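In this text the structure is predicted, and so the values were computed from the model without any measurement. Computed from heavy atoms alone, side chains included, the values below leave out hydrogens, waters and symmetry copies.
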Amino acid sequence: MRNALIPVIAAVALLIAGVFILNIQLWYSARADSLAGARYAVKNMDTILAEARHATRVAKAIADKGCGLEGQYQLATEAALQPHLRTILITRQGKIDCSSLPGNRMLLLDVATLPDDPLLLLPAKSTVNGLPVLIYQIHFAQSRVVVTMSDRHIRDALGIPLKGVTYSLRVGNSVLATAGDVTAPARERLGRVRAGDYPYSIEYRYPPLFSLTRLVEQGGGMLLFLLFIACLAAYALYKYLNKSTLPEESLRGAIAKGEIVPFYQPVVNGREGTLRGVEVLARWKHPGGGYISPASFIPIAEKSGLIVPLTRSLMAQVAKQMNDISSKLPEGFHIGINFSASHIAMPTFVEECLKYKGSFTRRDLNLVLEVTEREPLDVDERLVQTLNVLHENGFAIALDDFGTGYSGLSYLQDLHIDYIKIDQSFVSRVDEHPDSTRLLDCVLDLARRLSISIVAEGVETKAQLDYLNRNDITFQQGYYFFKPVPFIELIKILLSKPKVKVRVE
Ligand code: C2E
Ligand code: CA
Ligand code: CA
């Protein structure tokens, strides 16, 4: 679960970071676009005002000559030829001198009280036709030339086709936007581009720092790409986190999680069919279901030193389980556990075994320590002493896989060995052919001469059972009787007290 959560969190974080960066980039470009749009609006307005300036020059020349019919005609022509101008007006001492409109009519309601500023935005209520107007004017002597420009042309100049941005013309404290009448300036901080030649500026609202619409409309493709990258990263991270760890690490985790559990293979009296004990065999209970054979993890455990915690965990589990069914165990019941040589060599081994013995509620149990001979057993003085001390403390020592190892036989003199376990490879050779048991005969003879009890392993057939019974090998273990079973199955076996299949013919 944790391994899935981390990739999801990482993907979300990556997505958020990506969206953040994308949003900032879009914001920067929206700001740049808005500014460029404002500059373009300034250019448009300058073109209109250049016409007005030209018209004032023409009007001044007419005023200098004195306005008459010819002057009025010239003014009307100038107003008609310049595409953005509405009217041109010359006043002298506050009175109309000359106008481009027929009959010297006026567009403005009150020209006498007009402020002197060269550029003015007048609201709708100040004009005859009820539309806002922009005025450009010049003064000379006692006269002034007033040029009016239609709001429509100004709104066209402001109408830059940029989505989400609107521009306004600001002249002094008056503002004309692309719609509506002339208003007072807004209180908020606005973007502004001042014109060079004329006293006005173009204002616009800064684009918002975050905009979902902008993200979707302008960064839709990038968003999809980011989503794809985040999913890809999550998948890669998930794969990495869930990649199989080193076998040692997996095993260490399994021991800590209690996934290494004891199975029990019954040891029976081959002649009577009674249960004499069990051998504890480790199994890895995989979380996915099923059990893993020790053949695949005991070598790793031995190589990595994990065999020590593994065996300790088994000892604790075995003692607890046996205590739980202590009343069902036959007297002198054998409980054999396999120990590796490296564990026995540890200085704490004797102490551990004594603690293990002390943890059983039944005192009469026969605790067997199985030591394998399969790997070369380094039988030094220390090992002999350790096993002998344990023997003196009531443990039985069993030499496992006897005959398969490379150790010399000399240590059999010094060690107090209680059982020799004859390996399955010898037992499996027993068949109807009389020569087949020659090697096994010798091994059994050797054990007998040393007065050591024998346990036969891997008994699978009736022929093997008969041979072993004929040779008085009473302790037998093998699939012919029982396979290694989990604790719950062992309870069933103990309760059914089997006495079958084993009669000698
Ligand atoms: P082992 O101690 O010689 O254990 C006997 C093995 O023979 C077991 O295999 C058992 O399942 C198998 N066996 C028993 N009867 C028969 C039979 O009739 N036919 C056949 N074909 N096999 C039979 P398992 O459980 O796979 O264990 C393999 C080896 O792993 C053990 O051999 C032992 O050397 C090692 N092992 C298992 N558990 C432990 C442990 O807790 N500690 C240590 N150090 N070694 C362990
Ligand atoms: Ca064994
Ligand atoms: Ca064995």
Side-chain angles (χ1 to χ4, degrees), residues 23-56 82-87 107-108 113-127 129-138 146-215 217-219:
N23 177 64
I24 291 291
Q25 264 190 346
L26 291 175
W27 178 66
Y28 267 117
S29 94
R31 273 182 74 120
D33 287 351
S34 306
L35 183 66
R39 288 194 176 132
Y40 195 71
V42 166
K43 221 169 115 199
N44 291 344
M45 283 305 304
D46 279 0
T47 309
I48 296 173
L49 289 167
E51 288 176 19
R53 181 174 278 173
H54 183 266
T56 54
Q82 299 293 349
H84 301 104
L85 305 187
R86 175 153 285 178
T87 61
L107 180 69
L108 302 175
T113 57
L114 219 53
D116 290 341
D117 311 55
L119 207 56
L120 287 170
L121 256 178
L122 297 188
K125 64 177 193 271
S126 326
T127 61
N129 59 358
L131 289 171
V133 76
L134 178 67
I135 284 177
Y136 181 74
Q137 59 180 342
I138 56 165
V146 179
V147 180
T148 66
M149 285 147 281
S150 153
D151 68 314
R152 175 149 306 278
H153 295 312
I154 293 156
R155 293 192 213 268
D156 283 350
L158 297 175
I160 310 295
L162 252 185
K163 206 157 184 229
V165 196
T166 53
Y167 295 97
S168 328
L169 171 72
R170 177 159 178 181
V171 178
N173 274 332
S174 303
V175 175
L176 183 72
T178 43
D181 201 356
V182 172
T183 58
R187 285 171 186 276
E188 65 190 295
R189 211 173 78 83
L190 296 173
R192 172 180 293 193
V193 174
R194 287 176 204 283
D197 291 347
Y198 305 96
Y200 75 91
S201 56
I202 296 293
E203 291 185 337
Y204 59 96
R205 255 194 197 94
Y206 285 118
L209 189 59
F210 179 80
S211 161
L212 191 63
T213 324
R214 185 178 61 205
L215 261 178
E217 283 179 0
Q218 294 174 33

Item to check | side chain to side chain contact (heavy atoms under 4.5 Å, CB included) between Val146 and Leu114, worked out | outcome: CA-CA 10 Å; Val146 179; Leu114 219 53; 4.2 Å; yes

[Y] backbone acceptor or donor facing [X] side chain under 3.5 Å:
X	Y	result
Trp27	Phe210	no
His153	Pro83	yes
Gln137	Pro115	yes
Ser126	Pro123	yes

Item to check | Stepwise side chain to side chain contact (heavy atoms under 4.5 Å, CB included) check, Val182 with Leu122 | outcome: CA-CA 7 Å; Val182 172; Leu122 297 188; over 6 Å; no

Checklist entry - Going through the checks in order, is the side chain to side chain contact (heavy atoms under 4.5 Å, CB included) test met by Arg86 and Asn129? => result CA-CA 12 Å; Arg86 175 153 285 178; Asn129 59 358; 3.1 Å; yes

Let me confirm one number: the [atom1]-[atom2] distance from [X] to [Y], rounded to the nearest 0.5 Å.
X	Y	atom1	atom2	answer
Leu85	Ile48	CG	CD1	9.0 Å
Arg39	Ser34	CZ	OG	11.5 Å
Arg214	Leu209	CZ	CG	7.5 Å
Asp151	Leu131	CG	CG	5.0 Å
Lys163	Glu217	NZ	CD	3.5 Å
Leu49	Asn44	CG	CG	11.0 Å

Closest non-hydrogen atom pair, [X] against [Y]:
X	Y	value
Asp181	Ala124	OD1-N, 3.0 Å
Gly172	Arg170	O-NE, 3.1 Å
Arg53	Asp197	NH2-O, 3.6 Å
Val171	Leu119	CG1-O, 3.3 Å
Thr148	Thr87	OG1-OG1, 2.6 Å
Ile135	Met149	C-CE, 4.1 Å

Checklist entry - If we ignore angles and hydrogens, is there a donor and acceptor under 3.5 Å between the side chains of Asp46 and Tyr200? => result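 A donor-acceptor contact under 3.5 Å links the two side chains.
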
Item to check | Test item: Ser201 and Val193 side chains (from C-beta on) under 4.5 Å apart, heavy atoms | outcome: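 Contact flag for Ser201/Val193 side chains = no.
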
Item to check | Check: Ile202 and Leu169 side chains under 4.5 Å, non-hydrogen atoms | outcome: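 A side-chain contact under 4.5 Å exists here.
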
More than 12 heavy atoms from other groups under 6.0 Å of [atom1] on [X]:
X	atom1	result
Arg155	CZ	yes
Tyr206	OH	yes
Arg194	CZ	no

Next on the checklist: Does Asp117 form a side-chain hydrogen bond (donor to acceptor under 3.5 Å, both in side chains) with Tyr136? I'd like the steps, not just the answer.
Outcome noted: CA-CA 8 Å; Asp117 311 55; Tyr136 181 74; over 6 Å; no

Next on the checklist: Here's a test for you: under side chain to side chain contact (heavy atoms under 4.5 Å, CB included), which of Leu35, Leu158, Thr166, Leu190 qualifies with Tyr204?
Outcome noted: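 Testing each of Leu35, Leu158, Thr166, Leu190 against Tyr204, the sole residue satisfying side chain to side chain contact (heavy atoms under 4.5 Å, CB included) is Leu35.
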
